[in-house]
Amino acid sequence: MSNPDSATQDKTPAFRYVGKLAQQIEAKWQDRWDENQTFHVPNPGDANFDASKPKQFIMDMFPYPSGVGLHVGHPLGYIATDLYARYLRMKGFNVLHPMGYDAFGLPAEQYAIQTGQHPRITTEKNIANMQSQMRRLGLGHDPQRGLATIDVEFYKWTQWIFLEIYNSWYDDEADRARPIATLIEKLESGAIPAGDGETNPEGKTWTQLSQNEQAAIIDSHRLAYLAEIPVNWCPALGTVLANEEVNAEGRSERGDHPVFRRPLKQWMMRITEYCDRLLDDLEPLDWPEPIKKMQRDWIGKSKGAEVDFLAVEPGGDSSGTSFFESRKKLGWAEGSPIEELAIRVFTTRPDTLYGATYMVLAPEHPLVDQLTQDEWPETTVEAWKGQFPGSPEGASPKEMVQSYRAYAESKSDVDRQKDEKVKTGVFTGSFAINPVNGHLVPIFIADYVLMGYGTGAIMAVPAHDERDFEFARQFELPTPIVVEPPKKWKKKNIKDGELVSAFSGEGKAVNSEVIDGLETQEAKAKIIGFLEEQGLGKGAINYRLRDWLFSRQRYWGEPFPIIFDEDGQTIALTIDDLPVELPEVDNYAPETNDDPDSKPQPPLGRAKEWAKVTIDGKEYARELNTMPNWAGSCWYYLRYLQPQNNNALVDKEVESYWMHSAKKGKEKGDTYDPQTSHIGGVDLYVGGAEHAVLHLLYSRFWHKLLFDLGHVSTPEPFGRLFNQGYVQAASYKNSRNFYVEASEVEEKDGQFFFEDEEVKREFGKMGKSLKNAVSPDEMCETYGADTLRLYEMYMGPLEASKPWNTRDIVGVYRFLQRLWRNLVDEDSGELLVTDNAPDEETERLLHKTIAGATKDMESLGFNTAIAKLIEFNNHLTSQEKISRSVAEPLVQMLSPLAPHIAEELWEKLGHTDGITYTDYPVANPDLLVEDSIELPVMINGKVRGKINVSPEANPKELEEAALANERVAESLEGLSIKKVIAIPGKMINLVAK
RNA sequence: GGCCCGGUGGCGGAAUUGGCAGACGCGCGGGAUUCAAAAUCCCGUUGGAUUACUCCAGUGUGGGUUCGAGUCCCACCCGGGCCACCA
């Protein structure tokens, strides 16, 4: 056939709702929306602002503009927020619903390195492509509030926030961040001591200190600071990497190159100052509970005690059995040299202190050198002398320790995980005194103790800690019980009088002098009191969260607004110097090599001219690192409020309107009523659960900083968070374990074939790598965007992961076709509605549908909302002509879900102003009440009959009606009723024997 | 290893506070329409027994609480996710 379309073209009615017509309608309304700026919402102070309306700020996690474009999995959340935003507009809210791009980052830079093209060019091209894909889906984002983190006018404010953080300190007294000037006041007045032993060893007063000394002390308080810390250094990529950019094998996520832990001087952010507030403020947030838990775990607050163990002087008498005696023997007094060898440990179980039989320090612990002896003490057990692969034979403690440290450093994280159960370590040759019972305990180093947590040293209580127990068994150390385990446990875990595993539960303290007989919680409190009295320790709290590594050796990121003078003193630029724009360079690639000991060379160093700044004839060097990808995403939501403001991050009045919490308190239950549940910040933030900790934690941290400094009016950025599920899809692997193009796989009798070869089916997250991506453009072409939107929402609940199945799309496609055909003549395109009133049944069903759909829309239950519309539309299909008074609310209910077809029908219904800002239909409660309802009658819990009664019928009436039922009577033959449970409006249950 | 989430027809999924399991859609079967097909419309569709009325079983497995359990409790199995020697 020369023209395959001609046959179908002749027969398909001109106004049948098929892909082609859908596309025409969609293009028409997308243009109309643009022309009218339909989705732009004005700010307070703007000409058209309607101050009488309440507000809703509905937002997605903004995407990275990838070069391959969207697949149908990406817009799931965007469609949901668009639906919800459209619904809220019809409910009379001022709705802020913007979209932006998280556009700095490694992929664009890598592409630039390969092609030599500036990353800005490719990134902007990708953004334009994604924008047109989103436009085609009919997403109603505010056209005047778009942004990208790479826009100079945007990152100017990212840099400004950095300066605000740099120029502030954490005032513990006020429990908030304050400008650095207030710190200087306190230093000058002596309210805060001028430095510590490290920054001010001679204990000078503030005014006696030199300028550089003063600067060092101020720097040590700043919330953004430079520090030399161990970081993930990847020489092959030439950059340091964040932990999340390093995979489980200890290699770079990108390129699979080796990564080394090396101490390097980097920018840090003092997020640890905010641990408690980040923890406490989670409570009132309307967030998924698992996400809150992940944040809590990440912050990792644990309560316990810090206890000082004193190391015994080399060659000291080790025969002491009581602490107080040892203390005397050792001549322990204030200022005695031995006091410098206090080893501080952190423990969450101070109640087990009497069971501490040895100590372990992290291999990097600063006291290790001092503690390591030249000779093994006489009492050294053979097993203590070193257990680790490649330990030298017959070595001295010094050699052993040195060798072990080298071993531990070389060990990758994977190796560590692999032999989690097998402990390694070395005895230092030194002993310490257990402060409560005076026992001498050997001091080991082992890599199961981490320098980064607590004090980097532990007291080991092998009977009550799994890890300590494992170590003790290997190193032949005693395991005395100091917490009484339950009898059952003892039966199982004590064999031949020997402990088989550690008891880490709670119970009565035993063999513990002052706390004997106390339950764990009381014992903890009492022993902490005792330690504090004796000056041996104190109650303490520890956090797992570390300060945030904030610099990268990359080109494609925000430059720091920081310069250095010739002494290396840090100098912050001011707002007038912003933005600090990225320089042009001829090569975007970082220096790369294979040498783990090489130093990072930031690519910005190549911009020799840019890197030097001359101010008042003096030369300064620019900071050459750039900010991490998280910087822009930490605060972008605030810029949506007023992206064009050149004088401030955002105007106070504008910020307060969109962010400020007018009403407080979270409603119990899962449903969310935007009228009453309002705790401030963004009203709905939708995105994937993969950002549970990093982005959402960093963002909360910055927001709290900005709150402390008076730039925002709410303590939290996102009042309500919702995690959408993933779109999964079938992927197919051939016999050589390669993925094959899923779209070309054919199914025959439950088996799958690709090019006649049988392939295996799996299910996974949709994406390029599994070769199972389905493009939204393709779907829009075949069915139209409205059908695609409906299908994505109809697949299942928004929060669930569910498989994509192109075959199923026809279901919602047919729904739209049927609805269209119910209202429009397929041949003439003319409207089919009548002005006559609908029949009562239809009217009742309409109002039931309105009530149901409203409830579903409010709780983001779009799948069931659609089901209700389908059900109602199916009912209408059998009617000759649809009443206008039914058609109009139906089209309105459809409009958030399938806005283009709804606009078109609305126009056909004779309205000229568009459907977007019309009022969502309201159910008439009178029509929701039925005269008579059908209730089940159960006998012994099994349905034996149905009765028709008034919904208000009382239990007595129900019982009478039930007994009058023929089938019920039959089933009751030979039985006598023992009990009747009748619940009005629900059911009747007859208990009979 | 720890913690979290989930398991309902051939498939995706519905089921207020415990109260008629399987809404709605896909697929499948049957019918109407058509010269035929596509499209459309109607009927059926958890399994088993039954001509039928109807009966029995049934929400991963095993126990429990209850007049009544997909829903609550205990133990276990399977799948997915997060963390992983955090003292």
Side-chain angles (χ1 to χ4, degrees), chain A residues 7-8 11-13 16 18 248 288-291 293-294 297-298 300 302 304 345-349 352 360 413 416-417 419-421 423 446-450 452-461 464-468 470-471 504 542-545 669-671 689-690 692-693 725-726 728 750 763 790-791 794-797 799-805 807-815 817-818 821 826 855 861 863-871 874 877-878 934-946 967 978-983 985-992:
Chain A
T8 49
K11 291 206 172 166
T12 306
R16 172 163 293 173
V18 291
E289 211 44 58
I291 302 293
K293 193 181 179 311
M294 279 162 78
D297 290 351
W298 194 263
S302 27
V345 303
F346 173 73
T347 175
T348 53
R349 292 295 299 270
T352 63
V360 184
D413 287 352
R416 282 186 167 212
Q417 280 167 39
D419 4 285
E420 206 174 293
K421 281 276 162 186
K423 296 283 181 285
D447 65 359
Y448 83 91
V449 172
L450 311 170
Y453 183 79
T455 60
I458 62 156
M459 64 175 209
V461 186
H464 303 290
D465 181 285
E466 239 2 283
R467 296 150 302 179
D468 296 345
E470 204 52 52
F471 188 92
S504 50
N542 236 294
Y543 300 91
R544 207 186 86 118
L545 187 68
D670 292 326
T671 54
E690 69 271 21
V693 273
Y726 296 116
Q728 298 174 316
F763 275 89
L790 275 181
Y791 176 63
Y794 191 61
M795 285 197 299
E799 66 272 23
S801 288
K802 54 242 153 189
W804 177 269
N805 204 338
R807 189 184 71 180
D808 292 351
I809 292 183
V810 291
V812 285
Y813 183 51
R814 283 176 197 155
F815 160 58
Q817 288 182 317
R818 206 173 299 146
R821 202 164 37 232
E826 288 196 323
K855 210 180 140 212
N863 53 333
T864 48
I866 294 168
K868 285 174 180 118
L869 292 186
I870 293 177
E871 213 170 349
N874 286 348
T877 302
S878 62
E934 193 184 61
L935 289 188
V937 179
M938 300 197 243
I939 295 169
N940 295 333
K942 283 186 177 160
V943 182
R944 289 299 141 142
K946 302 274 171 85
R967 263 195 66 210
K978 302 282 176 208
K979 195 175 174 185
V980 178
I981 291 125
I983 298 166
K986 292 274 186 199
M987 43 65 70
I988 305 102
N989 191 15
L990 306 171
V991 185

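Numbers restart at 1 for each chain; the letters A, B, ... are given by sequence-line order, proteins then strands.
Counting heavy atoms from C-beta outward, A/Asp468 and A/Ile458 have side chains that approach closer than 4.5 Å.
Rounded to the nearest Å, the gap between the P atom of B/C35 and that of B/C43 is 25 Å. As rounded to the nearest Å, B/C53 and B/C73 have C1' atoms that lie 41 Å from one another. When the C1' atom is used for both B/C20 and B/U33, the distance is 37 Å, rounded to whole Å.
As the counterpart of B/A75, B/U61 is assigned, both hydrogen-bonding distances of the Watson-Crick or G-U wobble pattern falling under 3.5 Å. Summarising the base pairing, B/G22 is matched to no nucleotide, lacking a Watson-Crick or G-U wobble pair whose two defining distances lie under 3.5 Å. Using the Watson-Crick or G-U wobble rule with both distances under 3.5 Å, B/G29 pairs with B/C43. Base pairing analysis places B/G2 opposite B/C82; the two distances defining the Watson-Crick or G-U wobble pair are each below 3.5 Å. B/U54 is paired with B/A49 under the Watson-Crick or G-U wobble criterion, all donor-acceptor distances under 3.5 Å. With both pairing distances under 3.5 Å, B/U16 is matched to nothing as a Watson-Crick or G-U wobble pair.
Ranking B/C4, B/C85, B/G27 by closeness to the A/Lys293 side chain, first place goes to B/C4. Side-chain proximity of A/Pro803 to the nucleotides B/G13, B/C24, B/A87 is greatest for B/G13. Comparing atom distances between the A/Arg821 side chain and each of B/C4, B/G10, B/C41 picks out B/C41 as nearest. Relative to the side chain of A/Tyr794, the nucleotides B/C20, B/G10, B/G12 differ in distance, and B/G12 lies closest. Among the nucleotides B/C26, B/C85, B/A23, the one closest to any side-chain atom of A/Lys423 is B/C85. Checking B/A23, B/G27, B/A87 against every side-chain atom of A/Asp465, the shortest atom distance belongs to B/A87.
For B/C83, neither phosphate oxygen OP1 nor OP2 lies less than 4.0 angstrom from any side-chain nitrogen or oxygen of A/Arg544. The shortest distance between the side-chain N/O atoms of A/Arg814 and the OP1/OP2 oxygens of B/G27 is below 4.0 Å. For the pair A/Asn863 and B/G12, the criterion of a side-chain N or O lying under 4.0 Å from OP1 or OP2 is not met. At the phosphate of B/C55, OP1 or OP2 sits under 4.0 Å from a side-chain N or O atom of A/Arg967. Side-chain nitrogen and oxygen atoms of A/Arg818 include at least one within less than 4.0 Å of the OP1 or OP2 phosphate oxygen of B/C41. A sub-4.0 Å separation between OP1 or OP2 of B/A57 and a side-chain N or O of A/Lys942 is present. Between A/Lys979 and B/C67 there is a side-chain polar atom (N or O) within less than 4.0 angstrom of OP1 or OP2.
If you check every strand for non-hydrogen atoms under 4.0 Å, A/Asp297 touches nothing. Looking at heavy-atom distances under 4.0 Å, A/Asn874 makes contact with sugar-phosphate atoms alone, never a base. Using a 4.0 Å heavy-atom distance criterion, A/Ser302 is classed as a sugar-phosphate-only contact. Backbone-only contact: A/Ser801 has heavy atoms under 4.0 Å from sugar-phosphate atoms and none from a base.
By the rule that a glycosidic angle within 90° of 0 means syn, B/G60 does not qualify and counts as anti.
The cationic group of A/Lys423 does not satisfy the cation-pi geometry with A/Phe471, failing either the under 6.0 Å distance to the six-membered ring centre or the 45° limit from the ring axis.
The structure places OH of A/Tyr791 at 6.0 Å from CH2 of A/Trp804, a figure rounded to the nearest 0.5 Å. The distance from atom NZ of A/Lys986 to atom CD1 of A/Ile981, rounded to the nearest 0.5 Å, is 15.5 Å. Atom-to-atom distance recorded for A/Lys868:NZ and A/Asn863:CG is 9.0 Å, nearest 0.5 angstrom.
Where A/Met459 and A/Gly941 meet RNA chain B, the nucleotide closest to each residue was compared, and A/Gly941 sits on the side nearer the 5' end. Nearer to the 5' terminus of RNA chain B, by closest-nucleotide assignment, is the contact made by A/Thr864 (compared with the other of A/Glu871 and A/Thr864).
Taking each heavy atom of A/Gly941 and A/Asn989 in turn, the nearest pair found is N-OD1, 3.1 Å.
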